[in-house]
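The structure appears right after this line, and notes come after that.
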Amino acid sequence: MIYQLYVRSFADADGDGVGDLDGIAERLDHIASLGVDGIWLNPCYPSPNRDGGYDVADYTVIDPRYGGMPAFERLRQAAHARGLKLLMDLVPNHCSADHPWFKEALAAAPDSPARARFIFRDGRGPDGSQPPNNWRSVFGGPAWTRVAGAGGRPGQWYLHSFDPSQPDFDWRNPEVAGMFDQVLRTWFDRGIDGFRIDVAYAMVKHQDLPDLDDPDGENPYTWNQPGVHEIFRRWRDIADSYDRDLALVGEVWLPPAEAATYISAGELHQVFNFNLLQQPFEPEAFRSAIADAIEAQDHADAAGVTAWTLGSHDVHRAVTRYGLTDPEVLRTTDINAIRTRARGTVDLELGIARARAAVLLLLALPGSAYLYQGEELALPEVQDLPDDARQDPIWNRSGYTEHGRDGSRVPLPWRVGERGFGFSDTRTAAGDARTVARPWLPQPAWFADFAIDVQEGDPHSTLAFYRRALRERRNLDPAAPLDWISTGRSDAVAFRRGNYTCVTVFDGPPLDAPGDWGEPVISSGGTARGATTTWYRMR
């Protein structure tokens with residue numbers, strides 16, 4: 001079980017309104033008390049922060065705004081002292097436009113070695129004024145930007161699958177591969193325990209960069225291309241050269257059968273299964289998503305494991321997704337956004353009950369599990385951020401029609417009655433009072449209902465539920481296969497793993513459990529409308 005930390009929004013130790021590594025180190029006991037095995041840090045490298053740190057200007061150090069390398073050393077030591085593994089985020093598809101390599105490329109001539117590290121092409125048309133192809137950015141708008149040529153005249157175009165501030169590397173260039181080999185070794189030598197790899201399936205593009213029949217549809221030429229698996233075999237060799245357990249975890253938004261190939265022998269250790277996250281809270285949808293993932297892993301004879309999750313910094317929080325009763329029209333061509341970032345009216349009680357039921361089901365599945373910060377508090381999505389506070393590039397790239405991902409990144413509420421709900425430390429290291437800045441994203445007043453100090457004293461809180469669930473999960477045999485059980489009801493799903501049986505009622509009255517399931521050991525609770533998961537254990 002890994003706890004995902006959006007560094008800017010977990011805890012702020014220096015009072016500047018932005019989370020940092022010392023803030024995490026000082027509050028590691030909260031994470032450790034959950035019973036997780038490790039933490040994953042979202043990018044905290046030097047960055048102009050045009051896309052939440054996923055525009056990296058230097059892969060080899062920690063940004064001073066997060067405490068620099070001294071804070072990294074303190075966090076690593078504090079995590080390891082508590083038995084927690086430490087995973088970093090690696091962003092290999094693209095870098096920041098402020099990266100020295102890209103600055104060098106802009107100053108260099110077409111066809112130069114500096115430009116060959118990226119995907120520069122001449123434009124189409126007699127004066128090259130049209131982009132090299134009709135690809136669209138994931139964040140909206142064209143995927144190409146033109147740069148100035150000799151004498152200031154318009155020159156070539158460069159590819160950016162996301163924001164113009166994030167030029168794509170050309171992974172067919174050996175210099176790119178060599179640079180990232182060194183990045184892995186640098187951080188492994190510093191004692192980290194692995195990497196979560198951003199958009200791991202999209203690093204290699206179709207060599208011909210062909211036009212799309214439908215530029216507003218899916219772009220298969222940017223992902224799962226020949227050559228991407230070779231990169232991971234190379235990285236696995238590096239990881240295996242160390243005399244300790246290291247993990248390579250891939251973010252792969254592909255169907256289960258294709259995603260499973262990334263955990264073939266000699267490649268990644270884990271691959272995220274996002275199919276379950278994208279499903280509505282319905283029994284057949286959940287069962288099919290789980291069955292498809294397990295079948296795909298068995299069929300691929302995978303050596304690694306599936307990493308399950310219901311949330312991340314890129315999707316709306318589960319409470320809001322599952323409690324949505326009156327969705328708004330979402331103006332986007334991004335299929336993933338339609339599935340995971342819908343907005344509208346939310347039944348909060350229903351959303352919380354469903355989110356708790358869903359995560360207890362997830363924790364019974366074979367494989368690894370990832371928890372995004374704030375899920376243990378049942379935090380809903382902040383849908384009503386002021387427009388002038390939004391910082392996600394999706395907001396402006398979409399022409400201010402898609403609100404983006406800021407609502408899942410709002411700083412956590414720690415203590416009621418304090419500025420910023422205790423997100424920023426109001427005392428210096430010497431114990432002196434300090435004036436703290438406002439959190440980098442505004443927190444709504446209703447965050448008080450979900451604050452950690454409020455939930456700490458409530459045995460029925462979602463925080464207490466997570467602690468019980470993760471403690472019970474440690475009794476599961478990780479090697480036990482999943483065997484489906486018929487419940488005789490269309491609104492319920494049940495399966496057995498070892499001496500545990502997990503049953504989820506999606507919508508309806510409680511299920512009468514047969515005696516051979518054993519005694520109930522934990523339940524998610526629920527509402528009169530169902531939405532309850534219960535674990536039974538045979539003694």
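Predicted model, so just to flag it, every value in this text is computed and none were measured.
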What orientation do [X] and [Y] show, parallel under 30°, tilted 30 to 60°, or perpendicular over 60°?
| X | Y | answer |
| --- | --- | --- |
| Phe286 | Tyr322 | tilted |
| Phe120 | Tyr158 | tilted |
| Trp101 | Phe118 | perpendicular |
| Trp235 | Phe180 | tilted |
| Phe162 | His94 | tilted |
| His313 | Tyr372 | tilted |
| Phe195 | Phe188 | tilted |

Hey, does [Y] have a side-chain heavy atom less than 4.5 Å from the side chain of [X]?
| X | Y | result |
| --- | --- | --- |
| Pro442 | Leu385 | yes |
| Val249 | Tyr370 | yes |
| Asp20 | Asp14 | yes |
| Ile238 | Leu246 | no |

CG on Asp163 to CG on Asp392, rounded to 0.5 Å: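 Between Asp392 CG and Asp163 CG, I get 9.5 Å after rounding to 0.5 Å.
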For the CG atom of Leu310 and the OG1 atom of Thr340, what is their distance to the nearest 0.5 Å? 12.5 Å
What residue among Asp51, Asn93, Asp55 forms side-chain hydrogen bond (donor to acceptor under 3.5 Å, both in side chains) with Gln166? Asp51
Counting the benzene-type ring for Trp, do Phe72 and Trp187 have ring centres under 6.0 Å apart? yes
